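These notes are about the structure you will find just below.
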Amino acid sequence: MSKLITMKFGGTSVGSPEAITNVVSIVKGEVDAGNRVIVVVSAMSGVTDALLASVKMAIADNKWGYLDTARKLRDRHDDTLNILIPPGKNRETTQAEIAALLDEYTEICQAVNILGEATPRIWDAVVSFGERLSCRMVAAVLRHHGLDARAYNAGDFLLTNNQYQQAVPLWAETQARIDEKLRPLLTQGVTPVITGFLGATRDGNITTLGRGGSDYSGAIFAACTDSDELVIWTDVDGVMTADPRLDKRARVLPYVSYQEVGELAFYGAKVLHPKTVQPILDKGMPIRVRNTFNPQHPGTLIRENGERTQTVIKAVTSIKNVSLLTVSGKGMIGVPGIAGRTFLASAQAGASILMISQSSSEQSFCFLVTDNTARNVREAIEAELAEELARRDIDRVDVEENVVIITAVGAGMRGTPGVAGRVFSVMGERGINVIAIAQGSSECSISFVVPQDDLERAVIALHDLALDGAA
Ligand code: ADP
Ligand code: ASP
Ligand code: MG
């Protein structure tokens, strides 16, 4: 039976002519087999960073900087098209579209340059060009290989609120648009190639879903079209036991549950955006993570229930650039509401809390936020708890910057006593000082705060447990 498959290709997967050649054979392979494919693409690798840097250049009156970015982007996309498509209408029209997009980009940068500042809406508008360029390029190459591939801006279907840079989908409206505009294309045999990462407000302004958000885009399109599966094509063989850049021994996990992968992503595994599983959960749709550069490998299958492995700890992740805030004072004992007010003040200061831990004596509790919000959070808490601080019920609010969160994930932890203890002793044996510990409420993860300098050693220590089955 014919299947509908949503495939998301990441930055490296569309980052070179060789990679795009693989994309073509993957997509064409499915279409030739009678399946329908929705393609969601990221910007070519490095492009999003370059665009963000160019906004800074425009603000700083570095005209040469953003003009140079425009030129380089044009060369990179044009060269790729020249390699992959012979001269002719398809190539020339696409190159003209690319040139027009880059003219638009330059105009926006010029406006930023004149104003000397950029609003979040403008940042999103500028950064959107990465996906808008790659999407046209990939569609053109697919057309050259005989598919009826057409490029679409995600905003044609995916409506979001106006929280620029971190926009939230408006589900009902998105579903309606997808039913009305995207489904008919599929019945007509079109292979839509859609920009990942982007959406649009009701007024038509471009929004972005947050860095790495193309995975989430893939999940949104997969869920709203009731796809049979979502495939995240990336540059590694699947979800691995650790970040392969931190520990070369990392192995591919053949099966992971939605919940496990959710924890892994939330606690720093870059391979999937943390929101990716959300739209999929109710549908029970399988997600596969596969390697564009090694398409023979079956990759990782993510489903409702991951397979129980011999090891309780399946994988280890870490998050850098976080700060530990500690609120402490003897007068806190038994005083209700201090934690609640602290977290509310933190949220109002724009921080999301990554982890919380309380000492049993109730004399202090600590929590982690990203570095860039720590200072505002501390000020907000000090303002909120001003009276308690003045009365000395609370001694102080401390911020510790040079720390990281290390998380061990595995559904087998549920019902396996003593995992935290074993992990603790391994850290102790290797001389790593654990500053705080917290267990996820799902009981499928345990997180530790350790000094930044111990990051690699701590990952390796926990990874040893995952690899040799000692925990
Ligand atoms: P894409 O551009 O395809 O979205 P990303 O760079 O965002 O790719 O994510 C893939 C990268 O995630 C891999 O190259 C790998 O270095 C990193 N990574 C971190 N942790 C893990 C993990 N546990 N499993 C697999 N990859 C991981
Ligand atoms: N291009 C965007 C980024 O680099 C989105 C993505 O790749 O998922 O953040
Ligand atoms: Mg990514």
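When a ligand or atom number is given, it counts from 1 through the structure's own listing order. Keep in mind it's a predicted model, so treat the numbers as computed, not measured. The first residue of the sequence shown is numbered 1, and numbering continues consecutively from there.
Distance check: R288 CZ to M7 CE gives 10.5 Å after rounding to the nearest 0.5 Å. Q166 contributes atom CD, which lies 5.0 Å from atom NZ of K275 (distance to the nearest 0.5 angstrom). The line from NZ of K8 to CG of D215 is 4.0 Å long, rounded to the nearest 0.5 Å. From L52, atom CG reaches atom CH2 of W123 across 6.0 Å, with rounding to the nearest 0.5 Å. A distance of 9.0 Å separates CG in L324 from CD1 in I405, rounded to the nearest 0.5 Å. Taken from CG in N35 to OG1 in T191, the straight-line distance is 11.0 Å, to the nearest 0.5 Å.
Counting only heavy atoms of the protein, atom 7 (O) of ligand 1 lies nearest to K270 CE, 3.5 Å. Among all non-hydrogen protein atoms, the one lying nearest atom 16 (O) of ligand 1 is R245 NE, 3.0 Å. Given atom 26 (N) of ligand 1, the protein heavy atom at minimum distance is V271 CB, 3.5 Å. The single protein non-hydrogen atom nearest to atom 18 (N) of ligand 1 is D243 OD1, 3.8 Å, given as residue, atom name and distance. In terms of protein heavy atoms, atom 11 (C) of ligand 1 is closest to D235 OD1, 4.0 Å. When only non-hydrogen protein atoms are considered, atom 8 (O) of ligand 1 lies nearest to T234 OG1, 3.3 Å. For atom 24 (N) of ligand 1, the closest non-hydrogen atom on the protein side is M240 N, 2.9 Å. Of all protein heavy atoms, the one lying nearest to atom 25 (C) of ligand 1 is G238 O, 3.3 Å. For atom 6 (C) of ligand 2, the closest non-hydrogen atom of the protein is S214 OG, 3.3 Å.
Using a 4.0 Å cut-off between charged side-chain N and carboxylate O, R249 and D464 make a salt bridge. A salt bridge links R132 with E104: the closest approach of a Lys/Arg side-chain nitrogen to an acidic carboxylate oxygen falls below 4.0 angstrom.
For the 3.5 Å distance criterion, the side chains of T201 and D203 fail to qualify, holding no donor opposite an acceptor.
In this pair, Y105 and F129 present their aromatic rings perpendicular. The plane angle is above 60°, beyond the 30 to 60° band. Ring orientation note: the planes of F424 and F448 are nearly perpendicular, at an angle over 60° on the 30°/60° scale.
At a 4.0 Å cut-off, at least one heavy atom of K8 sits close enough to ligand 1 to count as contact. Residue contact annotation: S13 has no non-hydrogen atom under 4.0 Å from ligand 1. Ligand 1 lies nowhere less than 4.0 angstrom from a heavy atom belonging to A315. Heavy-atom separations between G196 and ligand 2 are all 4.0 Å or longer. In this structure, G11 falls outside the shell of residues with a heavy atom less than 4.0 angstrom from ligand 2.
Between D454 and the options E456, Q452, R457, a side chain to side chain contact (heavy atoms under 4.5 Å, CB included) holds for only R457.
Considering both main-chain and side-chain atoms, G210 never comes within under 3.5 Å of ligand 2 through any nitrogen or oxygen pair. Some N or O of G11 is nearer than 3.5 Å to an N or O of ligand 1, by distance alone.
In summary, the atoms of ligand 2 found under 4.0 Å from a heavy atom of T48, numbered by their order in the structure, are 1 (N), 2 (C), 3 (C), 4 (O). Interface atoms of ligand 2 facing S42, defined by a heavy-atom separation under 4.0 Å, are 6 (C), 7 (O), 8 (O). Below 4.0 Å from some heavy atom of A242 lie the following atoms of ligand 1, by number and element: 22 (C), 23 (N). Proximity to R211 (heavy-atom distance under 4.0 Å) selects the following atoms of ligand 2: 3 (C), 4 (O), 9 (O).
Only the side chain of V236 comes within 4.0 Å of ligand 1, judged by heavy-atom distances. With a heavy-atom cut-off of 4.0 Å, E131 touches ligand 2 through its side chain alone.
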Before giving the answer on side-chain contact (heavy atoms from CB on, under 4.5 Å), spell out for Y258 and I287 the whole-Å C-alpha distance, their side-chain angles and the decisive distance to 0.1 Å.
CA-CA 9 Å; Y258 293 139; I287 309 177; 4.3 Å; yes
